[in-house]
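Because the structure is predicted, anything quoted here is derived from the model rather than measured.
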Amino acid sequence: MTNEPDNAVQGQGVKGPEELRRQIELTRGELGDTVEELAGKMDVKGRARARAADLRDKAGAMTVQLRSTAAQAGHTVHDRATQAGHTVHDRATRAGHKVHDRTVRLGHAGQDKAARTGHTLERKAERGVPWPARPVVTAAVRHPRPVLIVGAAVIAVAVVSWRYPKK
């Protein structure tokens with residue numbers, strides 16, 4: 001237990017004053033260490049401060065770790081949201097193109113039908129109208145806007161003449 005020389009352990013006495021001084025110094029050193037350990041254990045305030053410092057360090061480390069994890073989660077969410085946005089955008093673009101293509105096809109079909117109807121009316125006008133009026137009717141079928149304007153003007157003159165006759 002102590003650092004005693006072998007001859008003291010065997011029951012022999014101390015060999016001299018030098019050996020005694022050396023043993024006293026060893027005992028004092030051991031006693032000092034023991035007293036220091038006991039004083040450390042009795043210093044509750046110091047131990048509490050040390051424990052608080054340890055807990056602060058751990059809390060700081062955990063804060064850094066949590067911030068890092070939160071930042072990483074934020075980046076992951078941002079990446080997923082961006083990817084979802086691109087997916088939605090692509091789908092909307094494809095749907096828009098489909099609608100546009102259908103509309104164009106329907107428009108072309110409507111134009112074709114209108115053209116066929118116009119040709120049919122033109123043929124009927126050429127065959128079903130007597131000769132003196134045939135060129136006028138054919139021109140009216142081919143160019144309806146001027147005929148409508150002239151017709152509206154003639155109707156306006158007729159209404160005004162009928163409504164306000166000369167006295």
Side-chain angles (χ1 to χ4, degrees), residues 1-124 139-153 156:
M1 185 161 147
T2 59
N3 293 339
E4 297 177 7
D6 288 337
N7 58 1
V9 172
Q10 294 173 358
Q12 298 174 358
V14 179
K15 291 194 176 179
E18 285 301 316
E19 182 67 24
L20 187 58
R21 284 188 191 111
R22 191 180 65 77
Q23 284 181 359
I24 291 172
E25 286 301 317
L26 283 175
T27 306
R28 279 185 186 162
E30 290 175 4
L31 193 60
D33 291 342
T34 305
V35 168
E36 197 173 297
E37 284 179 26
L38 288 174
K41 287 182 181 180
M42 296 304 289
D43 184 18
V44 176
K45 198 183 255 187
R47 286 176 40 204
R49 284 183 185 150
R51 179 77 174 139
D54 287 345
L55 290 176
R56 271 194 300 271
D57 291 343
K58 285 182 183 178
M62 290 179 85
T63 302
V64 169
Q65 184 179 5
L66 287 174
R67 284 183 180 166
S68 173
T69 303
Q72 186 177 4
H75 289 302
T76 302
V77 168
H78 180 265
D79 291 344
R80 287 183 182 173
T82 302
Q83 186 178 9
H86 288 303
T87 302
V88 168
H89 179 264
D90 292 343
R91 287 182 183 173
T93 301
R94 275 188 258 131
H97 286 301
K98 282 182 182 179
V99 168
H100 178 262
D101 293 343
R102 287 179 187 165
T103 306
V104 167
R105 271 190 264 125
L106 288 174
H108 287 285
Q111 279 182 328
D112 292 344
K113 201 172 210 178
R116 276 182 277 161
T117 303
H119 291 301
T120 303
L121 287 176
E122 192 175 318
R123 273 188 252 118
K124 283 183 181 180
V141 169
R142 286 186 183 160
H143 308 288
R145 188 175 289 160
V147 172
L148 288 174
I149 293 171
V150 170

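With rounding to the nearest 0.5 angstrom, the NE2 atom of H119 is 10.0 Å from the CZ atom of R116. Note that CG of D33 is 6.5 Å distant from CD of E36, once rounded to the nearest 0.5 Å. One distance of note links CG of L106 with NZ of K113; it measures 11.0 Å at 0.5 Å rounding. Atom CZ of R56 and atom OG1 of T63 lie 13.0 Å apart (nearest 0.5 Å). Taking OG1 of T93 as the reference point, atom CZ of R91 lies at 12.0 Å (rounded to 0.5 Å). Within the model, atoms CD1 of I24 and CG of L31 stand 12.5 Å from one another, a figure rounded to the nearest 0.5 Å.
Counting only heavy atoms from C-beta outward, the side chains of R102 and R105 approach each other to under 4.5 Å. In this structure, the side chains of H86 and H89 stay at 4.5 Å or more apart for every pair of heavy atoms.
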Inset, instruction - Could you check E25 against R22 for salt bridge (charged side-chain N to carboxylate O under 4.0 Å, His left out), going step by step and ending with a plain yes or no? - result: CA-CA 5 Å; E25 286 301 317; R22 191 180 65 77; over 6 Å; no
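S68 places no side-chain N or O within donor-acceptor distance of the main-chain N or O of V64, the cut-off being under 3.5 Å.
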